[in-house]
Structure formats: structure tokens, C-alpha cells
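Data block below; observations after.
Ligands are counted one by one from 1 in listed order, and the atoms in each one are counted from 1 as well.
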Amino acid sequence: MSNWTREDMPELSGRTVVVTGANSGLGLEATRAFARKGAHVVMACRNVESAADAREEVPGASLTVEELDLADLDSVRAFADTAADLGHIDVLCNNAGVMAIPRSETADGFETQFGVNHLGHFALTGLLLDSLREAPDPRVVTQSSGIHANGKIDFENLHGTDDYDKWGAYAQSKLANLLFAYELDRRYDELTSVGCHPGYAATNLQRRGPEQEGSRLKLAAMTVANRIIAQPAEAGALPMLYAATAEDIEGSDYVGPGGFKNMRGAPETQRSSKRSYDEDTAERLWSVSEELTGVRYD
Ligand SMILES: NC(=O)c1ccc[n+]([C@@H]2O[C@H](COP(=O)([O-])OP(=O)(O)OC[C@H]3O[C@@H](n4cnc5c(N)ncnc54)[C@H](OP(=O)(O)O)[C@@H]3O)[C@@H](O)[C@H]2O)c1
């Protein structure tokens, strides 16, 4: 395990970093860390009011808040149009996500976990490609989860219409994150695309499923587990920060915490599941994602 900390991040003055889900949890911690190193951070959030509150917490930082709802492709396109005015984007952190929620659909009729976690970020990255290419050494970091190892891309039932399992859908979306991250890296020499995972970190992520199910028991269990087992969000953000800024990162790396069961600790490069490196599945997922989102990469 390395002993890398956020203090080891390089100076980021003059760099522009876009973070999705920047108002909460890992995205907020990463935003703070990027900003403290001098980056201009674009906080891409569906809830702009809470993002604005978060902005107040980092005095003197160069932050802008822009609305982005990954569950609505019109919102993704509107965000990309606004971002085009920013000039170059040095780092895009595809971080936002939802976990193990009851079945619902996005504005475009996608199952929400697959739609937000994977398809929304797929569309966003494609629409920001020109701005990324304007940067001298652009990076795309996509936040996955250790749970991706349980995932399978079920092309016959991508949206869980036949049979929905909330954890299966989450694992599928997190495997899709890695298939996408590695395929993006294979397709574009001019950028570095990396996957990461935070281990287990105490954030709002674990609340959303029980809240939407209306289960006070599960909510209480998640709260206790977060207090006892999880590492703080600040530590959970380290793999994303390392993936986004460390000099020894290479394309298609996968970064996660190197401590107990890879759930906590300092970041290191790791191997993800065998399925995540399957190039046939990655290519098929890419075509299906272009078809579904209408965003075609050149
Ligand atoms: N925490 C962990 O232990 C853990 C483990 C493995 C992987 N992860 C991954 O880490 C990432 C960040 O999660 P977190 O733990 O920081 O949870 P979090 O505190 O709940 O943050 C998730 C962020 O995603 C945003 N989001 C959700 N739906 C969105 C949408 N439709 N459009 C735009 N933004 C949306 C949330 O916005 P709102 O505040 O408006 O809901 C929030 O800002 C996720 O991809 C998650 O899968 C986390």
C-alpha cells in the first residue's frame, strides 16, 4: 500500500476540473482538494442549491456550480453547451451515482442506475470530448465500485424491465463504468482514461435506497455500518484524486484503497475483475450506449 495523501497532489493552478456529483460525499471532498491545490473546479450537480452551500465551505476557491442531471439527456446536453464556453477541460471526474434504489426510469426511459451511473456519464464524456482535447494532457476518471466484480452486462435486460434486482443493477452499472473507462482509453490516444473505486466510505449514497423504499430499519442499519465500518468520505476520495493527478498513472489503470479488503486506506493501482477487461463486451456496450443516448463519438 502506498502512503499517498492529498498533500502529494501537484499544484493545479491553471487547470480546469469538472466533477459530477460535486455537492456531496466523495465529489465534495474531491472538489475541496482540487480547489485547495489551485484548480478551477466546475461543480456539476443536479441540486445547485446544495452545491452553492458547499461552495461557501471552501473560501477563496475558484468554483463554479452548473446544473447537471444525469437522469435527463437534455440536461446533459445543456451542461455540455455551457461547458463549451469554459475552454479546455483538464480533468473530468465521472463521479456521481446512485446505489441499490427501487426500480425507476430516467427522463429518457432508462433504468435509473444504468442511466445515471453509466449512460449519463457516457453521453457527458462524449459531449465534452472536444474541450478535453484542448487540454495538453487530459484525464477522464470514472468512479466505479468493488461491487463491479459481481456485475454482468445483461444486454437482453439492460433496464431491468423483465426482472429487476437493485443490487444486480448497481453492479451492472459499475461494471459498465469500467468497461467504458478502459474502452475510452483504448480509443483515444490523446487522453488518459482511468477507473477508480473508493472502498467503503460514509456518504449519503447508502441512505438513498432505504429512503426511497421507506425502510427505517435498513436506513438505521446503513447508518450504523457507516459509523462502524466505513472510512470517512475524505479518505474515500483519495483514489479519485490519485487517479486524477498522480504522475505515475497510466491509461486503463484502476485505483483503489490498498488497506483492509481494499475497503480503506491509501490509494494504489489494482486489478479489476476479468470481465471488466473484456474488449468484446466493451465494444458492444459502447455501440449500445451510442444508440441509446444518441451521442456518437467521432
Ligand atoms: N461511498 C461508498 O462507499 C462508495 C463505494 C463504491 C462506489 N461509490 C461511488 O462513488 C460515487 C459517489 O458516491 P458518494 O459515495 O459520494 O455518494 P453521495 O454522497 O450520495 O454522492 C452522490 C452524488 O451523485 C449525485 N447524483 C445522484 N443522481 C444524480 C443525477 N441524476 N444527476 C447528477 N448527479 C446525481 C448526488 O446528487 P444529490 O446530492 O442531488 O443526490 C451526489 O452529489 C458513486 O458513483 C458511487 O457509486 C461509493
**Q.** Contact residues of ligand 1 (heavy atom under 4.0 Å), by chain and number
**A.** Gly21, Asn23, Ser24, Gly25, Leu26, Arg46, Asn47, Leu68, Asp69, Leu70, Ala71, Asn95, Ala96, Gly97, Val98, Val116, Gln143, Ser144, Ser145, Tyr170, Lys174, Pro198, Gly199, Tyr200, Ala201, Thr203, Asn204, Leu205, Gln206, Arg208
Q.
For the backbone of Pro257 and the side chain of Asn262, can you confirm whether one donor and one acceptor N or O come within less than 3.5 Å of each other?
A. yes
Q) Where the side chain of His197 meets the backbone of Gly199, is there a donor-acceptor pair that is under 3.5 Å apart? A) yes
Q) Is a salt bridge present between Asp278 and Arg275, judged by a nitrogen-to-oxygen distance below 4.0 Å? A) no
Q) If you look only at pairs with a residue in residues 6-22, which of them pass as a side chain to side chain donor-acceptor pair (under 3.5 Å), with sequence neighbours excluded? A) Thr20-His121
(Q) My understanding is that only residues two or more places apart in sequence, or in another chain, count here; which of them pass side chain to side chain contact (heavy atoms under 4.5 Å, CB included) with Arg296? (A) Glu290, Glu291
Q. For Leu26, what are the other residues in its hydrophobic cluster, where any two members join if their side-chain heavy atoms are less than 4.5 angstrom apart?
A. Val141, Met240
